[in-house]
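Have a look at this one before I ask anything.
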Amino acid sequence: MAENWIEAFPGLAGLEQPARLILQKAAMVATLPAGTVPFRNGDSCETFLFVLSGTVRVHMTSENGREIVLYRVEDGQTCILTTCCLMSNEDYPAEAVAETDVSAAVLPAPGFRELVARSAVFRDFVFSTYGRRIFDLTLLVEEVAFQNIDLRLARFLLEAMDADGRLALTHQEVAVELGSVREVISRQLKEFERRSWVALRRGQIDILDADALRHVVADAAV
């Protein structure tokens, strides 16, 4: 993996040979144990990460402690905030944490800037990834600003439940995922429970009627 990690990123398949040599020389493969914080709000951006395996969560925290998950960086992906900060010379506006053990290729900022300047393939890779993530963030803003919490919660429960219809999450963790507060999520979950759609236990949510939740999502799309 350390020698041929570039192959994990299809967008770099056609990388010019000089650019490939620069990337292989400048980047180093490293392991980030679960719980590692690659960057915090206000940190300067010094490296560009290519995640080879594992998951990094990127989230923002308001002054009153309210959190929202912006996105996750997983196998074969890069971080849009890192791209933004490197290109604008701005500090990070959010925080990242390794949710699992993460293997990543770490490219120092000077190498990133050299490749952006010299390689059309690398530029296309960076900007296409950036564009997709911006679209995802636009959808997140739309959801938070315009969609009712019952719809967003129903969709999240359906997407996050395991094969047995369970979610090993607290109400606070669900609130962070949805950019809400625990009290609002608890109130809506209790309403779902009253309708016999879910069963609530400490640190766990059991889905009893997935079809009812799907109807909530489908009705909103009409």
Side-chain angles (χ1 to χ4, degrees), residues 32-43 51 53-75 77 79-81 92-102 133 135-222:
L32 309 178
T36 300
V37 178
F39 59 80
R40 290 183 170 83
N41 184 13
D43 285 353
V51 174
S53 64
T55 303
V56 177
R57 184 183 75 244
V58 180
H59 62 270
M60 296 186 73
T61 305
S62 68
E63 291 183 358
N64 63 9
R66 179 174 168 181
E67 294 184 26
I68 181 172
V69 175
L70 299 178
Y71 55 87
R72 286 177 170 83
V73 188
E74 300 177 321
D75 303 12
Q77 297 180 342
C79 175
I80 181 178
L81 282 185
Y92 280 109
E95 179 175 290
V97 60
E99 290 190 317
T100 66
D101 290 345
V102 172
R133 283 294 192 182
F135 181 75
D136 292 342
L137 284 178
T138 301
L139 293 179
L140 175 62
V141 171
E142 178 183 352
E143 289 181 3
V144 173
F146 303 118
Q147 292 184 2
N148 293 333
I149 194 62
D150 60 340
L151 165 61
R152 298 183 60 224
L153 180 58
R155 182 185 292 120
F156 174 78
L157 294 176
L158 291 169
E159 292 175 350
M161 68 180 184
D162 63 18
D164 296 320
R166 297 190 180 95
L167 295 86
L169 295 172
T170 66
H171 295 191
Q172 177 60 35
E173 289 170 331
V174 175
V176 170
E177 294 290 337
L178 297 179
S180 185
V181 294
R182 182 184 58 78
E183 293 78 8
V184 171
I185 295 302
S186 294
R187 188 181 311 122
Q188 190 61 58
L189 282 171
K190 287 175 183 176
E191 175 60 20
F192 285 177
E193 185 176 47
R194 185 188 68 80
R195 299 184 185 188
S196 299
W197 295 354
V198 305
L200 304 178
R201 290 192 283 168
R202 185 176 182 84
Q204 182 172 308
I205 303 168
D206 296 330
I207 307 302
L208 303 180
D209 192 343
D211 286 339
L213 296 176
R214 293 189 185 99
H215 281 308
V216 173
V217 176
D219 289 346
V222 175

Checklist entry - In this structure, which one of Val174, Val176, Leu157 forms a side-chain contact (heavy atoms from CB on, under 4.5 Å) with Leu169? => result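 Of the listed options, the one satisfying the test is Val174.
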
Checklist entry - Taking Thr100 for the side chain and Thr55 for the main chain, is one N or O donor matched with an acceptor at less than 3.5 Å? => result yes

Checklist entry - Below 4.0 angstrom, N of the basic side chain to O of the carboxylate: do Arg40 and Asp43 qualify? => result no

Checklist entry - Donor-acceptor pair, Thr36 side chain versus Leu32 backbone, under 3.5 Å? => result no

Next on the checklist: Using a strict threshold of under 4.0 Å (side-chain N to carboxylate O), is an ion pair present between Glu177 and Arg72?
Outcome noted: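 Answer for the salt bridge query: yes.
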
Checklist entry - Checking side chain to side chain contact (heavy atoms under 4.5 Å, CB included) for the pair Val51/Glu74: CA distance, chi angles, key distance, verdict? => result CA-CA 6 Å; Val51 174; Glu74 300 177 321; 5.7 Å; no

Next on the checklist: With no hydrogens and no angle check, just 3.5 Å: does a side-chain donor-acceptor pair link Gln77 and Arg133?
Outcome noted: yes

Next on the checklist: Do Phe156 and Leu178 make a side-chain contact, defined as non-hydrogen atoms from C-beta onward lying under 4.5 Å apart?
Outcome noted: yes

Next on the checklist: Is the ring pair Trp197/Phe192 parallel, tilted or perpendicular, if the boundaries are 30 and 60 degrees?
Outcome noted: tilted

Checklist entry - Would you call Glu191 and Arg195 a salt bridge, taking side-chain N to carboxylate O under 4.0 Å as the test? => result yes

Next on the checklist: Any heavy-atom pair between the side chains of Leu158 and Arg214 that's under 4.5 Å?
Outcome noted: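 In short, these two side chains touch, coming nearer than 4.5 Å.
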
Next on the checklist: If I take atom CD from residue Gln188 and atom CG from residue Leu151, how far apart are they, to the nearest 0.5 angstrom?
Outcome noted: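 The distance works out to 10.0 Å.
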
Checklist entry - Do Ser196 and Asp209 have side-chain heavy atoms sitting under 4.5 Å apart? => result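 Not touching, per the 4.5 Å side-chain cut-off.
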
Checklist entry - To the nearest 0.5 Å, how far apart are CG in Leu153 and CD1 in Ile185? => result 5.0 Å

Checklist entry - What are the two closest heavy atoms between Val58 and Cys79, and how far apart are they? => result CG2-SG, 4.3 Å

Checklist outcome for this item: One should read off an interatomic distance between Ile149 CD1 and Arg152 CZ, to the nearest 0.5 angstrom, of 5.0 Å

Checklist outcome for this item: Closest heavy-atom pair, Pro38 versus Val56, reported as atoms and distance to 0.1 Å, is CG-CG1, 4.4 Å

Next on the checklist: Test your reading of the model: is there a side-chain donor-acceptor pair from Asp101 to the backbone of Ala34, 3.5 Å cut-off?
Outcome noted: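 It does hold such a pair.
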
Checklist outcome for this item: Nearest heavy-atom contact between Gly54 and Asp75 is N-OD1, 3.1 Å

Checklist entry - Do Asn41 and Tyr92 pass the side chain to side chain contact (heavy atoms under 4.5 Å, CB included) test, and can you show the C-alpha distance, the side-chain angles, and the key distance before you say yes or no? => result CA-CA 5 Å; Asn41 184 13; Tyr92 280 109; 5.7 Å; no

Item to check | Non-hydrogen atoms of Ser186 and His171 that approach each other most closely | outcome: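 In terms of heavy atoms, the two residues are closest at OG-ND1, 2.7 Å.
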
Checklist entry - Hey, what do you get for CG (Leu167) to CD1 (Ile207), rounding to the nearest 0.5 Å? => result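 If we round to the nearest 0.5 Å, Leu167:CG and Ile207:CD1 are 5.5 Å apart.
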
Checklist entry - Do Leu200 and Val198 come within less than 4.5 Å of each other through their side chains, counting heavy atoms only? => result yes

Checklist entry - When rounded to the nearest 0.5 angstrom, what is the spacing between CG in Leu213 and CE in Met161? => result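 These two atoms lie 8.0 Å from each other.
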
Item to check | Spacing of CZ belonging to Arg187 relative to CG belonging to Leu189, to within rounding of 0.5 Å | outcome: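 These two atoms lie 11.5 Å from each other.
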
Checklist entry - Of the non-hydrogen atoms in Glu67 and Thr61, which two are nearest, and what is the gap between them? => result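 Answer, listing the atom of Glu67 first, then Thr61: CG-OG1, 3.4 Å.
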
Checklist entry - With side chains defined as the heavy atoms from C-beta onward, is the minimum distance between Leu70 and His59 less than 4.5 Å? => result no

Checklist entry - Sub-3.5 Å donor-acceptor pair from the side chain of Ser180 to the main-chain atoms of Val184, do we have one? => result no

Item to check | Residue list, side-chain contact (heavy atoms from CB on, under 4.5 Å) with Arg201, at least two apart or on another chain | outcome: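 Per chain and number, Arg201 pairs via side-chain contact (heavy atoms from CB on, under 4.5 Å) with Arg166, Gln204, Asp206.
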
Checklist entry - Asp150 and Val216: which non-hydrogen atoms are nearest, and at how many Å? => result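 For Asp150 versus Val216, the nearest heavy atoms are O-CG1, 4.0 Å.
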
